[in-house]
Amino acid sequence: MLEFLGEFRRTHYCGELREEHEGQRVRLAGWVDTVRNHGGVVFIDLRDRSGIVQVVVEELKTPEAYEIADRVKPEFVVAVEGVVRRRPEGTENPKLPTGFVEVVADRVLVLNEAKQPLPFQVEDEISVGEETRLRYRYLDLRRRPMLEKLLTRHKTYQVVRNFLTDEGFIEVETPLLTKSTPEGARDFVVPSRLHPGKFYALPQSPQLFKQILMVAGVDRYFQIAKCLRDEDLRADRQPEFTQIDFEMSFVGRKEVMEVAENLVKEVFKKVLGVELNEPFPVMAYDEVYSKYGTDKPDLRIREDKVSPLIDLTEVFKDTQFKVFRSVVDKGGVIKAVVARGAAKELSRQKIDELTKFVQKLGAKGLAWIRVDEDKLTSPITKFFSEEEVKALLERTEAKPGDVIFFQADADSELVHKVLDALRRRLADELKAREEGYRFLWVVDFPLVEWDEEEERFVSVHHPFTMPREEDLPKIDEALKTEDLEERKKVLSTVRSLAYDLVLNGHEVGGGSIRIHRPDLQKKIFKLLDIGEVEAQEKFGFLLEALQYGAPPHGGFAFGLDRLLALMTGSESIRDVIAFPKTQKGICPLTGAPDYLDPKQLKEVHCKVEEPEQ
RNA sequence: GGAGCGGUAGUUCAGCCCGGUCAGAACGCCGGCCUGUCAAGCCGGAGGUCGCGGGUUCAAAUCCCGUCCGCUCCGCCA
């Protein structure tokens with residue numbers, strides 16, 4: 001009973017039919033959304049990309065069509081022909097944009113069936129495990145909310161291309177098969193058939209190519225580029241993801257940030273209809289980090305409900321409280337977060353939960369003080385001197401109803417990590433987040449940081465990042481001294497011309513002014529303990545390019561998936577990617593990754609070594 | 001690499017703590033009835049290796065160990 005399409009051509013999309021089409025003969029094609037058979041009359045909600053319209057088939061008037069319509073099931077692919085009519089009075093459905101009309105069909109073609117039962121019901125709101133949705137992604141994407149996300153993504157591409165084109169940028173594609181570079185993330189690799197034992201790497205980003213395009217005089221480049229990183233996944237991280245990547249010559253960070261900011265404003269306006277009128281605030285990394293304990297704070301958190309971090313190290317520098325004493329002696333920090341007016345909501349039990357929460361992050365405990373009208377309730381105040389209590393209340397501006405949480409540790413990074421997580425947790429529990437989009441520029445990142453594991457300095461951004469000009473002498477100074485501690489001290493004050501764009505607690509983009517002189521680039525490699533030979537081998541092509549007249553340049557890249565996830569209110573970036581992978585990097589739809597045929601392996605000169613048990 | 005939560009019918013979940021009429025619900029599916037529904041309704045029915053492997057026990061969905069998978073987080077990664 002299946003029919004081929006033959007000469008049948010649709011005249012309209014389902015979702016566009018309105019009262020103005022009344023009386024018109026139309027042909028439609030799509031999927032059966034739902035069927036309601038009343039015996040003698042059957043209603044088919046027909047769905048295509050544009051929406052849904054009700055099709056009616058009556059047994060008495062069109063017995064042949066009725067017979068076919070009678071056996072139609074959800075997700076069958078059907079074509080219908082009939083006349084648009086206004087629905088009988090009282091049967092209109094205001095929930096549907098097409099709800100005032102219906103198509104009285106006299107012809108129904110079943111073009112394809114859908115196996116029953118379906119893996120899940122194709123409805124706007126579903127509660128189905130994500131793995132099942134990914135395995136049958138084609139069904140998942142039939143759902144309106146998912147289609148909307150694809151559309152938002154599409155519109156964003158268009159706005160980005162138009163905006164950057166108008167700004168004088170030209171779109172250039174860079175290779176996917178390229179060279180493995182050390183630093184940064186682990187590479188995905190591709191064995192070479194023509195060159196036994198050699199491998200391509202898939203790009204972590206088009207970084208080096210876009211710099212070389214600047215050397216080539218392209219002046220302004222952009223690309224909507226796939227990037228690949230073989231690292232562990234998160235809700236906001238996929239092994240392959242998309243960047244809006246751009247680079248410009250003869251500019252400083254101000255101009256790059258301006259383009260990025262204007263671009264994001266244009267996207268929000270044109271895609272979401274949201275006007276972001278205020279300039280995005282700019283903060284230095286040091287300030288952001290000490291105030292929020294992270295380099296990507298969520299500015300939606302109301303600071304009158306969950307305070308930023310308050311440094312109390314000074315208050316307790318002479319304390320007799322052993323726990324704090326030892327932290328101070330070891331050069332650690334004592335910081336606090338105040339949950340303002342939350343005393344009632346934060347029961348002892350809640351605080352116990354919070355304690356467990358921070359302990360999982362590595363905290364030794366969670367000291368707290370509840371401020372009541374006339375007294376302080378706390379397991380630790382008894383160890384404090386009167387002056388300490390007074391200074392503490394002053395510094396924290398604590399008022400009755402507030403609860404103060406402390407973190408003290410010799411490891412200041414741990415203190416910040418824990419208090420950042422605690423702030424976000426408190427914001428959840430106390431519903432202390434405002435609605436909306438809160439952007440933040442973070443600038444003046446440190447150029448390098450000491451990596452304990454590798455026992456060397458590593459770039460905070462990447463090795464091609466330009467230091468601030470005024471910090472250049474410090475790099476020479478650092479390179480001169482052999483004393484590691486001295487070197488760490490000097491380098492900790494060297495800032496880079498890197499910048500991150502943060503939205504609602506997520507890093508949605510970042511960039512930097514790059515090094516355009518080979519002498520300085522070599523110096524940085526030396527600082528990063530990348531030997532002359534290795535530098536030549538891995539980055540020789542860039543160093544060479546820099547020798548032939550590289551212009552000063554800099555650029556930026558948006559994490560498009562993250563941006564879209566935030567724009568569409570998605571919990572994870574998987575929702576804005578058509579075919580994403582699971583946390584273990586598996587594609588449930590195709591089954592990738594998979595074993596290779598031995599013949600294929602041989603062709604690329606590879607042998608598989610079973611992992612040790 | 002580590003921590004937490006989860007894995008029972010096509011789907012979502014209950015049962016697990018306290019082992020033994022605990023293999024259940026809803027939706028979906030299948031069959032029938034029904035001419036105005038749009039979460040259609042009514043009647044009837046089918047459907048489960050309880051993720052997998054091992055152990056304890058007279059007896060395991062239930063307790064123990066291991067393992068795989070999914071999600072969230074730390075490490076890692078901009």
Side-chain angles (χ1 to χ4, degrees), chain A residues 33-45 52-61 66 73-75 87-96 98-99 102 114-136 139 183-186 204-205 207 227-239 241 243 295-296 356-363 414 417-418 421 424-425 442 445 451-453 458-462 465 498-502 506-512 556-559 562 571-572 574 581-584 586 588 613:
Chain A
D33 196 66
T34 51
V35 204
R36 294 174 297 279
N37 192 336
H38 283 249
V41 62
V42 56
F43 299 97
I44 298 172
D45 283 350
I52 289 174
V53 71
Q54 174 165 287
V55 175
V56 195
V57 188
E58 292 179 72
E59 187 172 21
L60 290 176
K61 290 179 189 154
Y66 179 82
K73 304 257 160 27
E75 302 310 316
R87 289 200 192 184
E89 205 170 330
T91 66
E92 301 91 348
N93 182 358
K95 284 184 213 157
L96 285 179
T98 61
E102 61 192 4
K115 189 175 154 190
Q116 305 286 332
L118 297 160
F120 54 87
Q121 285 156 259
V122 179
E123 295 166 344
D124 285 2
E125 300 299 326
I126 54 172
S127 60
V128 176
E130 209 174 345
E131 200 181 1
T132 307
R133 288 173 51 202
L134 293 184
R135 175 157 175 209
Y136 304 97
L139 296 180
E183 303 294 299
R186 194 177 293 114
Q204 298 173 23
S205 78
Q207 182 59 36
C227 304
L228 301 107
R229 294 176 188 165
D230 189 2
E231 296 291 348
D232 288 355
L233 276 45
R234 285 283 193 293
D236 63 352
R237 274 166 25 196
Q238 281 275 299
F241 60 99
Q243 287 189 344
D295 58 1
K296 43 178 186 189
K356 276 186 199 139
F357 171 73
V358 298
Q359 278 170 337
K360 278 183 200 158
L361 293 168
L414 181 67
K417 184 176 100 178
V418 168
R424 285 180 284 129
R425 170 75 182 252
V442 182
F445 279 84
D451 186 314
E452 286 294 345
E453 211 167 296
V458 294
S459 298
V460 168
H461 187 57
H462 58 52
T465 306
Y499 29 85
D500 273 0
L501 184 60
V502 176
H506 297 266
E507 185 207 324
V508 292
S512 61
F556 191 86
F558 283 100
R562 286 183 188 174
E571 297 265 316
S572 98
R574 293 186 296 275
K581 292 176 178 62
T582 67
Q583 200 171 45
K584 279 262 173 17
I586 286 167
Q613 289 303 311

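Order of the sequence lines fixes the chain letters, A, B, ..., with proteins taken first and strands second; residue numbering starts at 1 for each chain.
For A:Glu131 against B:rG7, no side-chain N or O and base N or O form a donor-acceptor pair under 3.5 Å. Taking 3.5 Å as the limit, the base of B:rC73 and the side chain of A:Arg424 contain no donor-acceptor pair of atoms between them. A:Arg36 contributes no side-chain N or O that forms a donor-acceptor pair with the base of B:rU35 under 3.5 Å.
Side chains of A:Asp45 and A:Gln54 form a contact here, defined as non-hydrogen atoms less than 4.5 Å apart. For the pair A:Phe241/A:Arg562, no side-chain contact is recorded, criterion being any heavy-atom separation below 4.5 Å from C-beta on.
Looking at heavy-atom distances under 4.0 Å, A:Pro588 makes no contact with the nucleic acid at all. In this structure, A:Arg186 reaches neither bases nor backbone, as no heavy-atom distance under 4.0 Å exists between it and the strands shown. When heavy atoms are screened at a 4.0 angstrom cut-off, A:Ile586 is found touching the sugar-phosphate backbone but no base atom. Backbone-only contact: A:Gly184 has heavy atoms under 4.0 Å from sugar-phosphate atoms and none from a base. Residue-level contact check: A:Gln54 touches the bases, meaning some heavy atom is under 4.0 Å from a base atom. Nucleic acid contact class of A:Arg237 (heavy atoms, under 4.0 Å, all strands): base. In this structure, A:Glu92 reaches the bases: a heavy-atom distance under 4.0 Å links it to at least one base atom across the strands shown. Base contact: A:Asp295 has a heavy atom under 4.0 Å from a base atom. Note on A:Asn37: a base of the nucleic acid sits closer than 4.0 angstrom, heavy atoms only. Looking at heavy-atom distances under 4.0 Å, A:Gln583 makes contact with a base.
Phosphate contact (OP1/OP2 of B:rA39, side-chain N/O of A:Lys95, threshold under 4.0 Å): present. When the side-chain nitrogen and oxygen atoms of A:Arg234 are compared with OP1 and OP2 of B:rC74, one or more of them lie within a distance under 4.0 Å. Regarding contacts with the backbone of B:rC30, a side-chain N or O of A:Lys73 is found under 4.0 angstrom from either OP1 or OP2. Within the 4.0 Å cut-off from OP1 or OP2 of B:rU37, not a single side-chain nitrogen or oxygen of A:Thr91 is found.
When rounded to the nearest whole Å, the span between CD of A:Glu571 and C1' of B:rU72 equals 11 Å. Atom CG in A:Leu96 sits roughly 15 Å away from atom P in B:rU37 (whole-Å rounding).
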Is there a side chain to side chain contact (heavy atoms under 4.5 Å, CB included) between A:Lys61 and A:Tyr66 once you walk through the steps?
CA-CA 9 Å; A:Lys61 290 179 189 154; A:Tyr66 179 82; over 6 Å; no
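Ring-base stacking between A:His38 and B:rA40 is satisfied, the centre separation being under 5.5 Å and the plane angle under 30°.
Heavy atoms of other residues, nucleotides or ligands lying less than 6.0 angstrom from CZ of A:Arg87 number more than 12.
To the nearest whole angstrom, the two C1' atoms, one in B:rG28 and one in B:rU11, are 7 Å apart. For B:rG7 and B:rG51, the P atoms lie 8 Å apart once the distance is rounded to whole Å. Atom name C1', nucleotides B:rC27 and B:rA9: the rounded distance is 12 Å, in whole Å. Straight-line distance between the C1' atoms of B:rG15 and B:rG32: roughly 33 Å, to the nearest whole Å. Using atom P as the reference point in both B:rC73 and B:rG19, the two lie 37 Å apart (nearest Å). Between B:rA23 and B:rG48, the distance separating the two P atoms is 15 Å to the nearest Å. Nucleotides B:rG41 and B:rG55 are separated by 49 Å at their P atoms, to the nearest Å. Here the separation of B:rG31 from B:rG36, taken at their P atoms, is 23 Å to the nearest Å.
In the set B:rG4, B:rC76, B:rC71, B:rC71 carries the atom at the smallest distance from any side-chain atom of A:Thr582. The side chain of A:Lys417 sits closest to B:rC74 out of B:rC74, B:rU35, B:rA3.
Pair assignment for B:rG24: B:rC13, on the basis of Watson-Crick or G-U wobble contacts that are both within less than 3.5 Å. Base pairing of B:rG6: its partner is B:rC69, meeting the Watson-Crick or G-U wobble criterion (both donor-acceptor distances under 3.5 Å).
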Please list each protein N or O that sits under 3.5 Å from an N or O in nucleotides 8-14 of chain B, with the distance.
{"residue": "B:rG10", "atom": "O2'", "partner": "A:Leu118", "partner atom": "O", "Å": "3.2"}
{"residue": "B:rG10", "atom": "O2'", "partner": "A:Pro119", "partner atom": "O", "Å": "2.9"}
{"residue": "B:rU11", "atom": "O4'", "partner": "A:Pro119", "partner atom": "O", "Å": "3.4"}
{"residue": "B:rU12", "atom": "OP1", "partner": "A:Gly129", "partner atom": "N", "Å": "2.5"}
{"residue": "B:rU12", "atom": "O4'", "partner": "A:Ser127", "partner atom": "O", "Å": "3.4"}

